[in-house]
Amino acid sequence: MNIDVQHLAKLARLRIEDEKLSKFEKDMESIVSMVEQLPDVTGDASGLDPEHPMKLREDVPAEDKLSRAELLANAPKMQAGCVVVPKTVE
Amino acid sequence: MELYEMSANELSLMLREKKCSSEEITRSVLDRIKSTDDKVGAYLTVCEENALSKAREVDAKFAKGEQLSPLAGIPIGIKDNISTKGVLTTCASKMLYNYVPPFDAFVIGRINAADMVITGKLNMDEFAMGSSTENSHFKKTHNPHDLDRVPGGSSGGSAAAVAAGSAVVTLGSDTGGSIRMPASYCGTVGLKPTYGAVSRYGLVAFASSLDQIGPLARNVTDAAMLFGTICGHDSMDATSADREYPDFAGKLNSDVKGLRIGVPKEYFGEGVDDSVKQAVMNTVRELEKKGAEIVDISLPSTKYALNAYYIISSAEASSNLARFDGVKYGYRTENYDSLIDMYEKTRSEGFGDEVKRRIMLGTFVLSSGFFDAYYKKAKLVAMKIVEEFNEAFGRCDIIATPATPGTAFRLGENMGDPTKMYAADICTVTVNIAGLPAVSVPCGKVNGLPAGLQFIGKKFDEQTLLNAAFAVEKLYGEARPVNV
């Protein structure tokens with residue numbers, strides 16, 4: 001199958017350099033032709049395990065264990081206690 | 001014997017008999033890191049100061065006569081995708097090259113509460129995607145048994161450190177074999193617990209329905225002790241099981257009389273080295289002599305497991321790794337002129353090629369028009385695999401297979417061809433798909449390299465698995481650090 005690597009990259013917010021494109025195309029085609037060999041199985045694919053149901057936490061506000069400064073310490077760019085990103089609205 | 005060569009179980013006893021201090025043990029391990037790690041490359045971060053201060057704190061507690069956990073004062077290394085407060089957690093990716101978590105993973109909370117001494121963070125394939133640790137952005141890890149060979153992956157640093165003696169025990173993570181496979185290549189014990197037995201809170205997510213944290217050690221007792229320390233319910237992980245666990249290490253028993261060992265023919269077919277099959281079968285026959293019963297079983301959907309695994313795990317990864325966008329933490333590209341431009345450049349520069357392939361495969365199988373043919377089909381195959389295991393466990397107590405289709409390959413050998421690399425996971429992926437526990441235990445050497453036997457168990461029956469592995473260990477002896 002022909003895989004449109006540039007299209008997939010765009011969907012996944014990736015860019016593939018031109019010099020690597022043909023290698024990526026070849027690899028993706030061989031990976032897809034490997035994984036597509038699957039039998040026809042019918043059934044419901046919900047995948048839920050009735051023996052071990054998931055348990056959600058109570059819907060209550062979390063106790064704030066971390067300070068704003070701790071949470072923002074990893075941000076690449078900050079100004080006035082806020083994360084800086086490029087302009088998103090014209 | 002030097003302190004770094006001892007097992008956690010032996011050191012635990014020595015600490016209580018005042019034959020050594022935690023500081024002496026920790027220094028011995030730190031010295032071993034210094035003398036071997038330029039060759040092995042297991043560590044990404046060494047926490048010398050923190051480790052020594054924790055060790056002294058534990059020694060003071062012992063001196064005061066406090067009752068401490070069996071693993072108190074024992075050094076441990078941690079895979080670099082497990083969040084450690086205040087200590088770099090990079091997932092061996094440029095994307096997280098500078099990321100310092102503001103919180104501890106659940107398992108790190110348990111390790112700290114048990115007064116274990118963290119010596120550092122260990123190398124891995126980037127975001128745990130790979131089978132050789134060659135996908136690390138930072139460095140290659142070498143197999144201590146043969147430095148020209150890979151340690152396996154993705155928890156390659158965790159396995160290599162244990163094998164080299166630069167850690168007494170380690171934590172790894174296993175999504176498709178990432179604990180068991182490197183354990184097998186490096187001649188160590190590695191346990192992938194039942195899905196839900198160990199909280200994933202603070203483990204950087206790869207494929208959330210498959211990921212589990214587990215122990216690597218030089219012997220079964222140490223692995224059982226560490227597993228007992230990290231398992232248990234955590235409300236921060238919605239898939240965490242709420243149940244009681246036995247004292248695994250205290251209940252270890254190598255008597256296999258009456259144990260029904262299933263041998264599935266599909267794991268002894270094409271694609272698995274004859275010498276590995278032989279090492280595994282010889283071991284199973286030895287257990288038969290000790291009273292175990294061999295049952296021939298069949299798991300016919302095994303041949304589709306690898307395909308289903310790569311579809312499901314990549315689909316989940318493409319969603320999980322969407323969070324890495326250069327906004328709130330980690331790497332951000334230098335120059336950009338719009339938000340989309342920043343996202344695309346950050347992700348293209350921050351992720352390595354294998355991570356990009358998996359994200360694109362996941363994007364592909366989830367995209368409209370392909371979802372039913374790939375993702376849905378893979379989930380149905382996964383359910384079929386679960387059914388076949390359930391049926392098999394009606395006739396046997398555990399299942400024995402090779403842990404890997406071969407022994408450790410050479411660095412660079414499989415790097416050109418992703419599908420060849422993926423095939424190294426052929427014996428291990430079914431276990432993650434079915435959410436079962438499995439252990440890899442050394443079963444002798446093949447052409448001078450360690451071979452691993454995998455036992456697969458019923459859900460939450462780690463005790464039977466560990467007992468069987470303990471019986472295998474009695475045949476071959478406990479591993480000790482190899483000369484590097």
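In what follows, chains carry the letters A, B, and so on, assigned in the order in which the sequence lines appear, proteins first and then strands, with residues in each chain numbered from 1.
In summary, A:Lys23 and B:Asp353 do not engage in a salt bridge, as defined by a charged side-chain N under 4.0 Å from a carboxylate O. We find that B:Asp341 and A:Arg15 are joined by a salt bridge, their nearest charged nitrogen and carboxylate oxygen being less than 4.0 Å apart. Under a 4.0 Å N-O distance rule, the pair A:Asp27/B:Arg357 qualifies as a salt bridge.
The contact between A:Ser30 and chain B is made by backbone and side chain atoms together, counting heavy-atom distances below 4.5 Å. Of the two parts of A:Met34, the backbone and the side chain both hold a non-hydrogen atom closer than 4.5 Å to a non-hydrogen atom of chain B. Contacts between B:Ala378 and chain A at a heavy-atom distance below 4.5 Å involve backbone atoms as well as side-chain atoms. Looking at A:Ala73, there are no atoms closer than 4.5 Å to chain B (heavy atoms on both sides), in backbone or side chain. Heavy atoms of A:Ile31 lying under 4.5 Å from chain B belong to its backbone as well as its side chain. With a 4.5 Å cut-off on non-hydrogen atoms, B:Lys384 touches chain A through its side chain but not through its backbone. Residue B:Phe370 touches chain A through its side chain alone, counting heavy-atom pairs closer than 4.5 Å. Interface remark: B:Tyr195 contributes no atoms to any contact with chain A (heavy atom separation under 4.5 Å). Only the side chain of B:Met342 comes within less than 4.5 Å of a heavy atom of chain A; its backbone N, CA, C and O stay farther away. Heavy atoms closer than 4.5 Å to chain A are found in the side chain of B:Phe351, but not in its backbone. With a 4.5 angstrom heavy-atom cutoff, B:Ser338 touches chain A only via backbone atoms.
For the pair B:Lys458/B:Leu436, no side-chain contact is recorded, criterion being any heavy-atom separation below 4.5 Å from C-beta on.
For the residue pair B:Thr84 / B:Thr89, a side-chain donor-acceptor distance below 3.5 Å is found, with atom types taken as modelled. Under the 3.5 Å distance criterion, with hydrogens and angles disregarded, a donor-acceptor pair is assigned to the side chains of B:Thr90 and B:Asp80.
Among B:Thr239, B:Leu306, B:Ile311, the residue making the largest number of heavy-atom pairs under 4.5 Å with chain A is B:Ile311. When B:Ile340, B:Asn98, B:Asp237, B:Val386 are compared by the number of non-hydrogen pairs under 4.5 Å with chain A, B:Ile340 comes out ahead. For the options B:Ile359, B:Val381, B:Val327, heavy-atom pairs under 4.5 Å to chain A are most numerous at B:Val327. Most heavy-atom pairs under 4.5 Å with chain B, from the set A:Ile3, A:Val41, A:Val84, A:Val5: that is A:Val41. In terms of heavy-atom pairs under 4.5 angstrom with chain B, the leader among A:Thr42, A:Asp4, A:Asp40, A:Leu72 is A:Asp40. The greatest number of non-hydrogen atom pairs below 4.5 Å with chain B, out of A:Ser67, A:Pro39, A:Ala12, is found for A:Pro39.
Going from atom NE2 of B:His233 over to atom OG of B:Ser199 covers 8.5 Å, rounded to the nearest 0.5 Å.
Residues B:Glu388 and B:Thr302 share a closest heavy-atom pair of OE1-N, 4.4 Å.
Between the A:Asn74 side chain and the B:Val100 main chain, a donor and an acceptor come within less than 3.5 Å of each other.
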side-chain contact (heavy atoms from CB on, under 4.5 Å) assessment of A:Leu38 paired with B:Tyr374: CA-CA 8 Å; A:Leu38 288 175; B:Tyr374 291 89; 5.9 Å; no

